[in-house]
Each structure stands twice: as C-alpha cells, then as structure tokens.
Amino acid sequence: MNHNIEVRARKALDQMKPYSPGKPVWEVQQEHGLERVIKLASNENPLGPSPLALEAMREALSELHRYPDAQALRLKLTIAIHYDLVPEQVIVTNGGDELITLISEAFLDAEDEIVVPSPTFSEYAFGAQLLDARTVTVPLKSDFQYDVQSILAAVTDRTKIIYLCSPNNPTGTFLAEKDLTFILDSLPKRVLVVVDAAYSHFVSDESYSDGVSLVRKGYPLLVLNTFSKIYGLAGIRAGYGIAPESIIQSILKVKEPFNVNALAQAAAAAAIGDTDHVKRSQQLVWEEREYLYQALNELGCGYTESMSNFVLVELGERAERIYEQLMARGIIVRHGKMWNLPLHVRISIGTRAENESLLAALKELWKQEL
Ligand SMILES: *Cc1c(COP(=O)(O)O)cnc(C)c1O
C-alpha cells in the first residue's frame, strides 16, 4: 500500500539534527573486520562499572515486575547525604541528558534565550531548539578558557538559562570557583545558571568548584551530574541535578513518573558508596592524563590541558585522515568537526594498555604523509 502521509512534524524539528554519538565498538568491528577495538570516543570509564553497582542490580532483578519508585527516594537520599543536602534539593533523571531536556521544558518559552559557551556539549542547544528558544553562543578564548566578561555581555532581557559546562566537553577547560561566583553575583536573579559537572570527579585543580556549595548558599543555580562517567554506568542511564528546592519543584512538574528504572536506581545508589571504585577511577585518569601529555609532547602534538577524562588534541590539517586511519586500526576517537574544530580530535583516557596502543598508532600515522 502506498499512502500519502500528510502528517507534518512541528516546524522546530526542521532545523534539528540527530545527536551523533561516538561509534559503537560492534560497528567498527563489522566495518573494518576487526576483533580488537579500543573505544576512546565517549569518555566512558575504562575500568568498567562499579562492582557494588553490579551486585545491587543482581539483587534488584527479582523485583522487576514492580514499577520503580517514582520518587527514587533511596537514591535521592543517598545523593543528598553524599553532598550534605536535603532530598528536596535533588532530582534524579534518565541520564544527565534527560535533565537538560526537562530543564528546557520547565523554563523555556518560545523566543527565550539560553547562553552557552562554544564549543561545548550539544544537548543544551538541542533542548532550546525543541522549545523554540534561541541559543546565544559565546566563544571560549583562543586557548579554550572561559571568557567571563563575554558571557555576562551576552545576557539580555530574554536570557533564561546560562549553561556552564565545567570541566567543558570537549576542551577539558574549567571555571574557577571565583569566576563562577563572580558570574552568579553579576547576573539578574531571574537567570538560572546550570553548571554541568559531568566531569567534576576528574578535576585535580584546587581552584575548581562544581557549584554545590553555591547551591547551599541559595544562588539560582542547578548543578548537573551523571552516573555515566566516573561511576561507569553509561549503559543504564542515570543522572541527577542539585538546586534550590523551588527550582527542583518546577522541574518535577514536567518529569515522567517512572523516568529512572529500578535497576538504575539500585545501581546508582550503590555506586555512590563505592569509594574504592571512584578512587581507582580518578587515580587512573590522573596518572594516564600525565602519561598522554608526555607522549604528545614528545611527538610535538599540541593539546589543551584537561581537568577531565579526555584530552583535546590538535592534529592540524590531517586530523580527519588520522581519525579515519585510527578507526581502521580499531581505535575509535572523536573527530572535532561536530564542534567546528576540524583540526582536532578528542581522545578519552583509557587504561595504560589502551593508551599505549593509541599512542603507538598515532606515532606511526603522525610520521606518515597522509
Ligand atoms: C556525558 C555528559 C553528560 C551526561 O550524560 P548522560 O549519559 O546522559 O548522563 C552531561 N553533560 C556532559 C557535558 C557530558 O559529557
């Protein structure tokens, strides 16, 4: 049958491009006929999930005929205790991504504006587009550091939200606590500041703040975080937000009742308490970050010092070809073109063995005339 479909999607959807994720391992295995593939493209934890989370999930299996707790009370309480807050200051979501959509739905009317640094995580602009709101981008400085004055200068009467990804994806640069405080103190109180702290656990610089202490002080600030990175639970989709109670209440109004599944709730609560897994994961990133820097220095490759579990590396004109050649050898990294950084690749930090494989391949390709 050949029906003529006349159903039309919303106009806002005409401009929307689907999110382009890092290539999955199986796809590269298939395309290149490879057995061993190393994925350094999505900033996942190379040590795997927290073992305590896996155990908690096994225990939760027999109750899967029940709906999950719509309020995710135990998980919320665990997060609240971890940060010295009350559960009313916490919301849990189906990954940090869902939280960004919920924030957009809760606070953006058509024609409203959000301010985002550039380049950064694409989901903020996606959320705005979905609601017919406008995205005002503020370029990072030439060394990819935040430009505080330009951020403040971009605020208008229509500004509803400022997103500050710190450490920033894909650059690894961050906002110092004094700069974050300065921004909050300079803004009209009607502007919601969202600090995306998905990579907060990998920061080793003392001047950093994930912003939670400023939520406690009552600023109109929401701190977003995720179980996908340090906790190694990207596959199960759990994230959370921390904000003053009234802001959380607004977001709860647009949340689906059962947005976080029962296994995710059990796993996430256990992972927060798995300090051994967290410490090992941090230690690995801190050591391997230095190891990568040293090797990149020896190669004469430019890079941006990162407070995260990835490094933005400048490969120049050959970046895309090197990215493709790495892929053909079973090493997946991210080419920078999606952030308008065609001369760069973003490399997630792996285990020592994975990083050695990456560096060996990169060394070889770097010397070739591609
Ligand atoms: C990974 C990531 C998130 C959250 O990802 P989820 O898997 O949806 O929890 C949020 N912000 C940034 C910048 C990220 O890189």
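The shown structure was predicted, so the numbers you read here are calculated from the model rather than taken from an experiment. Order of appearance sets the numbers: ligands from 1, and atoms from 1 within every ligand. Any value given below was found using the heavy atoms of this structure, including those in side chains, with hydrogens, waters and symmetry copies removed. Along the sequence shown, residues carry numbers from 1.
- Inter-residue side-chain proximity for Ser200 and Asn225 is flagged as met; some heavy-atom pair is nearer than 4.5 Å.
- Surrounding NZ of Lys253 are at most 12 heavy atoms belonging to other residues, nucleotides or ligands under 6.0 Å away.
- A donor-acceptor pair shorter than 3.5 Å can be found between the side chains of Asp185 and Tyr219.
- Aromatic rings of Tyr231 and His277 (six-membered ring for Trp) have centroids beyond the 6.0 Å cut-off, not under it.
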Distances for all N or O pairs of ligand 1 and the protein under 3.5 Å?
| residue | atom | partner | partner atom | Å |
| --- | --- | --- | --- | --- |
| ligand 1 | 7 (O) | Ser228 | OG | 2.6 |
| ligand 1 | 7 (O) | Arg237 | NH1 | 2.7 |
| ligand 1 | 7 (O) | Arg237 | NH2 | 3.4 |
| ligand 1 | 8 (O) | Gly96 | N | 3.1 |
| ligand 1 | 8 (O) | Asp97 | N | 2.9 |
| ligand 1 | 8 (O) | Asp97 | OD1 | 3.2 |
| ligand 1 | 8 (O) | Asp97 | OD2 | 3.4 |
| ligand 1 | 8 (O) | Arg237 | NH2 | 2.7 |
| ligand 1 | 9 (O) | Gly96 | N | 2.6 |
| ligand 1 | 9 (O) | Thr226 | OG1 | 2.5 |
| ligand 1 | 9 (O) | Ser228 | OG | 3.3 |
| ligand 1 | 11 (N) | Asp196 | OD1 | 3.2 |
| ligand 1 | 11 (N) | Asp196 | OD2 | 2.5 |
| ligand 1 | 15 (O) | Asn169 | ND2 | 3.0 |
| ligand 1 | 15 (O) | Tyr199 | OH | 2.5 |
| ligand 1 | 15 (O) | Lys229 | NZ | 3.0 |

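- With contacts defined as side-chain heavy-atom distances shorter than 4.5 Å, the pair Met16/Leu13 qualifies.
- Side-chain contact between Ile183 and Leu152: present, with at least one pair of heavy atoms (C-beta onward) separated by less than 4.5 Å.
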